[in-house]
Amino acid sequence: MAVITDAICSLCGSLCDDITVTVEDNVITDVERACILGRNKFVGMFLHDRIESPMIRKNGELVDVSYEEAIDEAAKILVNSKRTLSYGWCSTSCEAISKAIQLAEETGSLIDSTANVCHGPSALAVQEKGGPSATLGVVKNRADVMIFWGCNPAHAHPRHMRRYSSFSKGFFTQKGRKDRKMIVIDVRKTDTAKIADQYVEIDQGSDYLLVTALRSAINGHEDVIPDTVAGVSKEDILKLANTLKEAKFTCVFYGMGVTQSRSKYKNGDGVSSLISDLNQHSKAVMIGMRGHYNVTGYGQVSTWETGYPMAVDFTRGAPYYNPGETGANDVLTRGDVDAAIISAADAGAHFPQDSLKYLAKIPVIQIDPYANPTTELSDVVFPAAVVGVEAEGTAYRMDGISLRMKKLIDTKFKTDEEIVVDLINKVRELKRGA
Amino acid sequence: MSELLIKNAVVCDPINNINCVKMDISIKDGKIVESVSSGAKVIDAGGKLTMAGGVDGHTHCAGKINVGRFMSPHDMRMTNVPGLSGKEAPTATTRAQVGYNTPNAFAIGYRYAKLGYTTIGEAAIPIIGARHTHEEFEAIPILDKFGLTLFGSNWQVMEYIRDDEPEKLAAYVAWGLKASRGYGIKIVNPGGGEAWGWGKNVSGLDDPVPNFDVTPAQIITALAETNEKLNLPHSIHLHCNNLGKPGNYETTIASMKLLENLKTSRDRQAMHVTHVQFNAYAGTSWRDFESGAPQVANYVNSADHLTFDLGQVIFGPAMTMTADGPVEYANSRMLHAKWSNMDVELEDASGVVPITYSPKMFVNAVQWAIGLELALLVDDPWKVMFTTDSPNGGSFVNYPEAYTYLMSAKRRTEVIEGLPEMALGRMNLPGIDRELDLYELAIMTRAMQSKIYSMDTKGHLGVGADADIAIYDLKPDSIDTTVEYAAVKKAFSSTAYTIKGGEVVVKDGEIAMTPEGRTYWVNAKVPQANTDAMQVDLAQKFKRYYTVNQANYMVEDAYLPHPVEITTEAL
Amino acid sequence: MQTVTLSLKEKNAVPIEADSVNTDNFASKPKDEIGAILVWYGNAQVAVDDLFDVVVDGFGSVDEMKIIINGDVSRVKRIGQGMSAGEIEINSNVDMHCGSNMTGGKITINGDADSWVGCEMKGGEIVVNGNGGYYVGGGYRGEACGMKGGKITVTGNVRDYLGEHMCGGEIVVKGNAGLLPGISNNGGSIIIEGNTTMPASEMMKGTIIIKGTVLDFLPSFTEDGTEDVDGVTYRKFAGDINAGGKGVLLIK
């Protein structure tokens, strides 16, 4: 029996690094301190069916083949493609992401991450206005006001509030929750809202209106605010603005309620401007509540390797970036690619119907530990090790802090990184006869 | 056993007092040696200028630059070069390149190598973010790297200074260098990063840091003493308080004076003051703003305990990035520019804001002149490191352009003619006729770095040095660098050969191969008892205030695939 | 006068990127040279005449140049990108970036134009006899300026972010516009004859006139009397005050 301390939970963007894992006979038998979601990842992995063998679809059925045959088939798809979509890469290590980007470059493909369906608009907002942010520990130690806007950590990031935000105790916040005012802005009273000091319910899709009104209030233009904005009374808006101005340190945590509702990235853009305005009066920062445990890492690696955080198109050689044109769902709904490779993400479960219909028409390569709806659409399937449990590597927390995930148990499966490297070599061989 | 012989090189190697002398250079197994066998591969330099590979001792190349990239798709549209892609790849050697001020990691390696630079130093590593810095280091091809670790607004540092615990302070700094795999102590706007945690700043050397009861002056002095106690290869590396503010030259000189009497543990400076252009402003507001370079240069000429670098401005788009959080916020409000910020728990702050330096803008024109004035008014080139604080003053790809300003009064006059009249009255450059020669340029771009970073194998071409060599397509005996500045710029923009560790990495301006570079870091040994005592305090920091466990905080060996560990013994 | 007629031979599998299909590049070239010009088809380059039937009539400089494009080019991007003079007529829906960065000349699209039509254009004219997509006359990601000069007319509707970051020039939309038209306008002139939502946010300079209904008027403008334009009286607003803007927004 082995007890591994300081293990990192590779489930959500909180990337808790205080987990104790007990391993007996190469099986995780106990997990301490993880939330229910994290626990399910560690312990639950032994309950799910793994993809046991490489597979190729023959006569409509996925059949087991040798690894070499699958590599050969996948490389042929990539080399013969005029434009491949490479998608996912957020529940894997930065090392694998780096190789996936190289494969995309080698094959003149387009590569995008799961940010396409969650926090991609946050990146666009940063590109408009910048991202005034901080590490989570700054919030823990300083924030006396925190806003959860369009996010529900009580469900999506269960330990966030205890470790980093509402309930955490820090240097200037020794009393924890008592030292903080917790505000939730959302369209429905979530479980997070239920434990807040203040809940501001807004009309669906009206985030941008509320941001604008708050900015007007903070910048001293109360007179232009009508009686009600976004379903919120002027009086409440002015009160909220005043709370923010008088705070010592405000953090706005924002989620998909902000990034995926009407006005999308312009909401984040507006919040960024709000933060800048607020810093004229006090201190304020914003942090996106990222979902997949390494979607932040994808953005980091992609940025230093290609210059852009997602939706990078190598079709013409040099990286090109234009979400709305080069995002995974942009090209799928328009039928702008003729093959796809999907890894460490489940497009089958999360993409809109139009995208899935098109995926069903083109050759799809999947790399994943588990069979999932994407498998049903795939023509070549590679089983992979579970990164963060069966393979080590780097991941980035939602605030951009990187941590090294440990290998907790042994596996017979290859890692995403190893599979992609084999694909690169095979593609090179086919391209250059090397 | 690889051997290489460079024949007919006109060598400019100030460390060895060689001033453009024709000679041969022998290389074996990546090092410069006395001689090689007759079987050695031969490169005929044909009388071309040959220098040690350049060393950029202060650049932003890994870590914070990614924040700059992330927010700058407009910059990425510039200077694109395709890489491995397509059915017939344009190259099998190089990856795709994008960006100008914030190029991708591959482009950083290729472009520095083409300029004849072979070693670069990242100017700021937050300890908790160091893993990221090293990931990017690993992605930068060809070059050797090192980075300076931020200590100037660190809680543990400030508490030990306040509580007068010099032994624990030394133990903490040694631990911090190890945790971050850093090469030296960087201090940015001492205390200002902590004040920025509340949206505030410190106003000068004697303004106490909120809640910590120490002053910036105390932070500088104590860290400088620690630096010598640890016997570190580099001195403290100081970004002064009040950066970017008119009248700040006084703070800069006062900061320099703090360490006049510091006894150094090694034969090097007691302090390095960085990007002084941004800290040599006179006047009281942007209206009466003028150059404070003469005052700073006068002081530097009278002192013998310090070196500095320029932070030269290049006209055109640039990207400011610094651990000086309050400065970046102020920039963004003044320029109406996008603003990224990253406060770092218990340690520091940072910000990134784009800027464009226009020769038509009076302030920018004076800034441009100040950098050059500092270089030309300080008599001893061994005190001056050439930098643009890339990309703060401008991208490093513009270094050759800046060399021409330093080497040719004629070139300067041409630029000055295009500047606004108002700017001319606020600068001293038009009256300066000094023109640097190739020897002095070699000092400022590689030789002085060898000394200030105590890197015996870098920045020169003596026996035992790393075979990092730049051969420029320029013949020193047949060029007047004060007149033929276009030829100078062309030659320095793209080497005939860049040799890194004995391998030809650039030939005729094209990347020939892309070996992986090494990473230098300092393992400063202190008495175990001091470390143990320090760890008791540090454990509390991790238990109560950090959001990362100590076990996951230290950069693991996996992130330095090619480490060069420099071990020092505390005095 | 030189007229070149391109007809797409068959429907393309992935988008064609045809930034080389513009008047400057075609002018004074014979048929075989025009046919040999390369366009991107996926991750490879192919000749124009592999994809299009090419008919060349006459011979002339760019000022006397007209390109007529037939067939379904709804998945051909970047036609007319960067052109400086002459004329392009597209008798189909057209894909993204048509006329982006153009500096002169005229493009007529007899169909719908997909997103980024006239993006960052500096001069010339684009007429869309149909609907426009997102970012008509806008700027690319992270840029400070979209359209700087010239004129875009869309007879139908457009989607969101019309004229984003515009720094000059003129856009007229006869139909409705989606969300946030004229956002971050810094000197452009926009007329929307139909309805729209949240116009003129963060406007610094320029003029935006909405003839139809405005939904979700943003609380960041100061009312400043009325103004008559072409005999119609509008309520006049100044802002965006949060951006310190001095733009003019006229609504009914």
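Per chain, numbering begins at 1; letters A, B, ... match sequence-line order.
- Judged by distance alone, with hydrogens and angles left aside, the side-chain atoms of B:R69 form no donor-acceptor pair with the main-chain N or O of A:T306 at under 3.5 Å.
- Remark: the backbone N or O of B:A551 is not paired with any side-chain donor or acceptor of A:D6 at under 3.5 angstrom.
- Counting only N and O atoms by type, the side chains of B:N552 and A:D17 include a donor and acceptor under 3.5 Å apart.
- Residue A:K140 touches chain B through its side chain alone, counting heavy-atom pairs closer than 4.5 Å.
- Using a 4.5 Å cut-off on side-chain heavy atoms (C-beta onward), B:R544 and A:Q174 make contact.
- Donor-acceptor pairing under 3.5 Å is recorded for the side chains of B:Y559 and A:R404.
- Shown here is A:K169, whose NZ atom has no more than 12 heavy atoms of other residues, nucleotides or ligands within 6.0 Å.
- A cation-pi arrangement, defined by a distance under 6.0 Å to the six-membered ring centre and an angle within 45 degrees of its axis, is absent between A:K129 and B:W339.
- Distance CG/B:D348 to OG1/A:T135: 11.0 Å, rounded to 0.5 Å.
- Note that CE of B:M342 and OG of A:S133 are 4.0 Å apart. Values are rounded to the nearest 0.5 Å.
- Counting heavy-atom neighbours within 6.0 Å of B:D213 CG, excluding the residue itself, gives a total of 12 or less.
- Heavy-atom distances place the side chain of A:I8, and not its backbone, under 4.5 Å from chain B.
- The line from CE of B:M71 to OG of A:S272 is 8.5 Å long, rounded to the nearest 0.5 Å.
- Looking at B:A558, only its side chain comes within 4.5 Å of chain A, counting heavy atoms on both sides.
- At a 4.5 Å heavy-atom cutoff, the contact between A:F172 and chain B is made by side-chain atoms alone.
- Of all the listed residues (B:Y545, B:W155, B:F106), the one sharing the greatest number of non-hydrogen pairs under 4.5 Å with chain A is B:Y545.
- Of the atoms belonging to B:E135, heavy atoms from both backbone and side chain fall under 4.5 Å from chain A.
- The residues A:D269 and B:K338 are annotated as not salt-bridged, no charged nitrogen and carboxylate oxygen being separated by less than 4.0 angstrom.
- Looking at A:E105, its side chain does come within 3.5 Å of a backbone N or O of B:A96 through a donor-acceptor pair.
- Within 6.0 Å of the NZ atom in B:K200, the count of heavy atoms belonging to other residues, nucleotides or ligands does not exceed 12.
- Between B:D343 and A:R142 there is no salt bridge, since no side-chain nitrogen of the basic residue lies less than 4.0 Å from a carboxylate oxygen of the acidic one.
- Taken from CG in B:N104 to CD1 in A:I101, the straight-line distance is 10.5 Å, to the nearest 0.5 Å.
- Interface remark: A:C94 contributes side-chain atoms only to the contact with chain B (heavy atom separation under 4.5 Å).
- No side-chain heavy atom of B:F70 sits under 4.5 Å from any side-chain heavy atom of A:Y308.
- A 6.0 Å sphere centred on NZ of A:K406 holds more than 12 heavy atoms belonging to other residues, nucleotides or ligands.
- In this structure the side chain of B:I128 reaches within 4.5 angstrom of the side chain of A:I401, judged on heavy atoms.
- Side-chain atoms of A:T394 and B:R131 include no donor-acceptor pair closer than 3.5 Å.
- For the residue pair B:N549/A:D18, the side-chain donor-acceptor check at 3.5 Å is not satisfied.
- The most heavy-atom pairs under 4.5 Å with chain B, out of A:G299, A:A123, A:G137, come from A:G137.
- Considering only heavy atoms from C-beta on, B:W196 comes within 4.5 Å of A:K283 through its side chain.
- Only the side chain of A:E95 comes within contact range of chain B, with at least one heavy atom under 4.5 Å from a heavy atom of that chain.
- Of all the listed residues (A:K248, A:H281, A:R163, A:R397), the one sharing the greatest number of non-hydrogen pairs under 4.5 Å with chain B is A:R397.
- No part of B:I65 comes within reach of chain A, as not one of its non-hydrogen atoms sits under 4.5 angstrom from that chain.
- For the set A:M286, A:Q280, A:E128, the count of heavy-atom pairs under 4.5 angstrom toward chain B peaks at A:Q280.
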For B:R333 and A:S276, what are the C-alpha separation, side-chain angles and deciding distance, and is it a side-chain hydrogen bond (donor to acceptor under 3.5 Å, both in side chains)?
-> CA-CA 8 Å; B:R333 296 298 294 196; A:S276 178; 2.8 Å; yes

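- Taking the side chain as every heavy atom from C-beta outward, B:N341 and A:V285 approach each other to under 4.5 Å.
- Looking at every heavy atom in both residues, A:F249 comes nearest to B:G197 through CD1-O, 3.3 Å.
- Contact annotation for A:L78: neither backbone nor side-chain heavy atoms come within less than 4.5 Å of a heavy atom of chain B.
- Residues B:V548 and A:L403 form a side-chain contact, since some pair of their non-hydrogen atoms from C-beta on lies under 4.5 Å apart.
- Under the 4.5 Å side-chain criterion, counting only non-hydrogen atoms from C-beta, A:Q127 is not in contact with B:S72.
- Ring geometry for B:F212 against A:F171 counts as parallel: the plane angle stays under 30°, on a 0 to 90° scale with 60° as the upper cut.
- Looking at B:N211, only its side chain comes within 4.5 Å of chain A, counting heavy atoms on both sides.
- Counting heavy atoms of neighbouring residues, nucleotides and ligands inside a 6.0 Å radius, atom NZ of B:K541 exceeds 12 of them.
- The structure places CH2 of A:W304 at 12.5 Å from CZ of B:F137, a figure rounded to the nearest 0.5 Å.
- Using a 4.5 Å cut-off on side-chain heavy atoms (C-beta onward), B:M76 and A:P319 make no contact.
- Side chain to side chain, A:N141 and B:E345 fail the donor-acceptor criterion of an N or O pair below 3.5 Å.
- Note: A:V138 leads A:I275, A:D399, A:V138 in heavy-atom pairs under 4.5 Å with chain B.
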